[in-house]
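Remarks on the structure that follows.
Note that this is a predicted model, so its numbers are computed, not measured.
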Amino acid sequence: GEVVHRMLTATQYIAPLMANFDPSVSRNSTVRYFDNGTALVVQWDHVHLQDNYNLGSFTFQATLLNDGRIIFGYKEIPVAVTQISSTNHPVKVGLSDAFVVVHRIQQIPNVRRRTIYEYHRVELQMSKITNLSAVEMIPLPTCLQFTSCGPCVTAQIGFNCSWCSRLQR
């Protein structure tokens, strides 16, 4: 998005493993990505925690597929994720999305207040993140996938969908 804010890592992330990683502390550490048009893969290879190098190196990846699926893969997780310190950086595994609204304060000219609204958060169980494990997240259907009125208004997806003939969605 266009807005960068202090709460970004708390509210907007795709995190196979968010922690205080620092690829610069080891010559063997890399962060690589590959995009073939249908999948984007980001891999953290032999990365170490900045504040605890001796825990060992971590190797894991995230794959975002164009059908909406997200796969987290874990090759090397040298310690239980629950044992990673969150003192200097949050430790998270999952997804979160939010949006920012900028409000003008009428009583004070040229002053704006930002409010962050979180859509939803998916927190994965950290105890399940181990060597040679993977997690696949499959998106639930939403109103936006429908391209005609009939299937939209009869969908049983947990939303109160309605068809807009002007927008044709």
Can any side-chain N or O of S85 pair as donor or acceptor with the backbone N or O of T87 at less than 3.5 Å?
-> yes
Between I84 and A19 the two heavy atoms that sit nearest each other are CG2-CB, 4.0 Å
Could you pull out the closest heavy-atom pair between G37 and N66, with the gap in Å?
-> O-ND2, 4.1 Å
Could you go step by step and tell me if F72 and M137 meet the side chain to side chain contact (heavy atoms under 4.5 Å, CB included) rule?
-> CA-CA 8 Å; F72 293 163; M137 288 162 277; 3.5 Å; yes
Honestly curious: do Y13 and I129 fall in one hydrophobic cluster under the side-chain, below-4.5 Å linking rule?
-> no
Of the non-hydrogen atoms in A155 and F146, which two are nearest, and what is the gap between them?
-> CB-CZ, 3.4 Å
Say you draw a straight line from CG of N88 to CG of N20; how long is it, rounded to the nearest 0.5 Å?
-> 5.5 Å
Euclidean distance, W163 CH2 relative to T154 OG1, rounded to 0.5 Å | 11.5 Å
How far apart are the C-alpha atoms of S26 and Y53, what are their side-chain angles, what is the distance that settles it, and do they pass the side chain to side chain contact (heavy atoms under 4.5 Å, CB included) test?
-> CA-CA 9 Å; S26 171; Y53 182 90; 4.2 Å; yes
Do L95 and V81 sit in the same hydrophobic cluster, where Ile, Leu, Val, Met, Phe, Trp and Tyr count as joined when their side-chain heavy atoms come under 4.5 Å apart?
-> yes
Work out which heavy atom in V93 is nearest to a heavy atom in P16; give both atom names and the distance.
-> CG1-O, 3.4 Å
Hey, mind stepping through L40 and T63 against side chain to side chain contact (heavy atoms under 4.5 Å, CB included) and telling me if it holds?
-> CA-CA 6 Å; L40 168 69; T63 303; over 6 Å; no
Minimal heavy-atom distance between R121 and E123, with the atoms involved, is CD-OE2, 3.1 Å
Taken to the nearest 0.5 Å, the spacing of S86 OG from K92 NZ works out to 10.0 Å
Establish whether M18 and L64 are linked, either directly or via other cluster members, by ILVMFWY side-chain heavy-atom contacts under 4.5 Å.
-> no
Ignoring hydrogens and angles, tell me if any N or O in the side chain of Q12 forms a donor-acceptor pair with the backbone of A98 under 3.5 Å.
-> yes
Report whether I71 and V42 are members of the same hydrophobic cluster (ILVMFWY, side-chain heavy atoms less than 4.5 Å apart, transitive linking).
-> no
May I have all residue pairs that pass salt bridge (charged side-chain N to carboxylate O under 4.0 Å, His left out) and include part of residues 67-83, sequence neighbours excluded?
-> D67-R69, R69-E136
What is the distance from atom OG of S57 to atom CZ of F21, rounded to the nearest 0.5 Å?
-> 10.0 Å
Taking every heavy atom of P23 against every heavy atom of S29, the minimum-distance pair comes out as O-CB, 3.3 Å
Any sub-3.5 Å donor-acceptor pair from N131's side-chain atoms to I77's backbone N or O?
-> yes
Go through the steps to decide whether D22 and L49 satisfy the test side chain to side chain contact (heavy atoms under 4.5 Å, CB included), and finish with yes or no.
-> CA-CA 6 Å; D22 184 353; L49 293 164; over 6 Å; no
Below 4.5 Å, heavy atoms only, C-beta onward: do T130 and L132 meet side chain to side chain?
-> no
Distance in Å, Q61 CD paired with L17 CG, rounded so as to fall on 0.5 Å steps = 13.0 Å
Under a 4.5 Å side-chain heavy-atom rule over Ile, Leu, Val, Met, Phe, Trp and Tyr, are Y33 and F58 clustered together?
-> yes
Can you check whether Q43 reaches T59 side chain to side chain, under 4.5 Å on heavy atoms?
-> yes
